[in-house]
Colleague: 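The following block contains the structure, expressed as structure tokens.
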Amino acid sequence: MSAKIIDFASAATAASDGLVIEGIHTTYDRVDVLTGVSLRVLPGQITCILGANGAGKSTLIRSILGLTPAYRGRIRFNGEDITRLPTHRIVSRGIACIPEGRKVFAKLSVEENLRAGAYLEPSAREIAHRLEHVYAVFPRLAERAGQLAGTMSGGEQAMVSIGRGMMAAPQLLIIDEPSLGLSPLYVKENFAVIERLHSFGSTVLLVEQNVHQTLAIAHRGYVLAQGHVVAEGSARELADNPRVKEAYFG
Amino acid sequence: MDIAQLGQYVVNGMMLGIIYAMVAVGFTLFFGVLDVIKFSHGDVLMLGAFTGYAVYLGLGALGIEASWLQLALVVIASVLAMAGVGALIARFVVLPLRGAPAFNTLLITLMTGMVLRECVRLFFPAGSNPKPFPRLLPDTQWAFDGFALRLDSVLLFAAGCAAIAGVHLLINHTRLGLAIRAVAQDSETARVMGIGFESIVLLTFALGSGLAALAGVMNGLYYNEINFGMGLLLAVIGFSAAIVGGLGSIYGAILGGFLFAALQTLGAVALPFGSAYKDVFAFAVVILIIAIKPTGLIAERSSERV
């Protein structure tokens, strides 16, 4: 009986670990892109990663997802080492990603794209429920459920991509450069949507170039430059940190 | 030419068409998920036909005589065995070469096909001789004005159509099909959705190879003869059919299969010394079509990238 309680307690601490990255090194195209990156994404928070082009943000995401595994260091999620798991196993642990450039399946319909997002959910009823939820957030997608995603506008494709991430109902949602290539109006809307996703209960790891708007919604953040973390702290601290500016303009 | 002869040509053309289409659908599936050309496909078809024949001989030795039971077991064993062979080829020959130039995959699968072919020739008892494939279908026939429509042709054609329709339904209306299409379009994003890339590739190769096995058994049942080299021409024709229809599209593969059979039949009917030159005629027209429309008759709907 007591053993059970202890098990439960340790499981609870493990589950509240969130994502912990310890000193990872990753190469991409034979070049060292990440050299000893450590960071933490606390459950329930929005954590952001800032940095200029080529700072290693995308490679960091690829390492977390197992698309370009780290060759040194460790990535743990809820206490479990996921560093070298294949991508679909990492995703099955409750991590989903809204990828950079939206990456909708152009020749699948909107609804098929959304269903692909819930690929690991076995219950048809649960999938229907999530679809309803996505359509409630993006009524536009409900109108266009049968349309091929590739024939939609950039903004609409962004909705498909976000909706697809929501369909996974992940514990941790990674959002990679959501405002890249969108008009200012959509960018503003996008940040509102991210806050909304967070309010639905997902922990969010947000990768962005848009410093001010990002820090306005994030709890904590890290600044990457040349493959390592050059600054970290709460969003407020980062907003006043001169290194943040340096990372972009220095 | 009288109407009876014409009817015979049409029925024969339809049979060839459905068999070519089944082979072409396999090529299109493999190309779809992995962007590879798997040239051992025709020899897998041949191996499927020989597996069916071996099962028939085995059942005979066991004293099982009911032809419907023989037929069912021949088909099931052959399809399942080739699905396994297809998955093994994908796992140990095709996937390890991922990242290498597509040309290497083409060559190594060509060699794999040769190995399968030579294995049957050398190790199947008297494998270098043609084998009499049993008549397992009812031999009922209806006579119309001198033209005899055989029930077995009708059944085989229906079976082929059902198999292709089944594959089409699977691809377009199931969770597995959704995963196959997602992998085909963007394998990396598919992985991020939680789709196991490797298992989907293996299942797709199993599916295409099972379909080829069925085509091989149907070919045997229709001509009542199989031989170790039968896969070679069928692979070239099936491949041409897939290309001319538009590689990557199932409708294109079906269209290409029937088009090639129609050209062969037309060549046989309309040309002097027709049957000798029907393949030359059909391939010449196919080459012409590809020259005019390099993406095939039904090109993949291109994506609008924003």
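Side chains are part of it too, since the values below use all heavy atoms of this structure and drop only hydrogens, waters and symmetry mates. To find a chain, count down the sequence lines: A is the first, B the second, and so on, and within it residues start at 1.
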Colleague: As an exercise, state the distance from OG1 of A/Thr87 to CD1 of B/Ile195, rounded to the nearest 0.5 Å.
Modeller: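 If we round to the nearest 0.5 Å, A/Thr87:OG1 and B/Ile195:CD1 are 12.0 Å apart.
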Colleague: What are the two closest heavy atoms between A/Glu112 and B/Asn172, and how far apart are they?
Modeller: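 Heavy atoms only, the tightest pair is OE2-O, 4.1 Å.
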Colleague: What part of A/Arg164 gets within 4.5 angstrom of chain B, counting heavy atoms only: side chain, backbone, both, or neither?
Modeller: side chain
Colleague: Are B/Arg175 and A/Tyr119 in a cation-pi setup, meaning NZ or CZ lies under 6.0 angstrom from the ring centre and within 45 degrees of the ring axis?
Modeller: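 Checked: cation-pi criterion met.
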Colleague: Are any non-hydrogen side-chain atoms of A/Leu108 and B/Arg181 less than 4.5 angstrom apart?
Modeller: yes
Colleague: With only heavy atoms counted, which part of A/Arg93 is less than 4.5 Å from chain B, the side chain, the backbone, both or neither?
Modeller: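 Neither part; nothing is under 4.5 Å.
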Colleague: Give a yes or no on whether a salt bridge exists between A/Lys103 and B/Glu188, defined as a side-chain N under 4.0 angstrom from a carboxylate O.
Modeller: no
Colleague: For atom OH of A/Tyr71, is the number of surrounding heavy atoms from other residues, nucleotides or ligands below 6.0 Å larger than 12?
Modeller: yes
Colleague: Are A/His88 and B/Arg191 side-chain neighbours, meaning at least one heavy-atom pair lies under 4.5 Å?
Modeller: no
Colleague: Give, as side chain, backbone, both or neither, the part of A/Leu65 having an atom under 4.5 angstrom from any heavy atom of chain B.
Modeller: side chain
Colleague: Quick check: closest heavy atoms across B/Val192 and A/Cys97, and the distance to 0.1 Å?
Modeller: CG1-CB, 3.7 Å
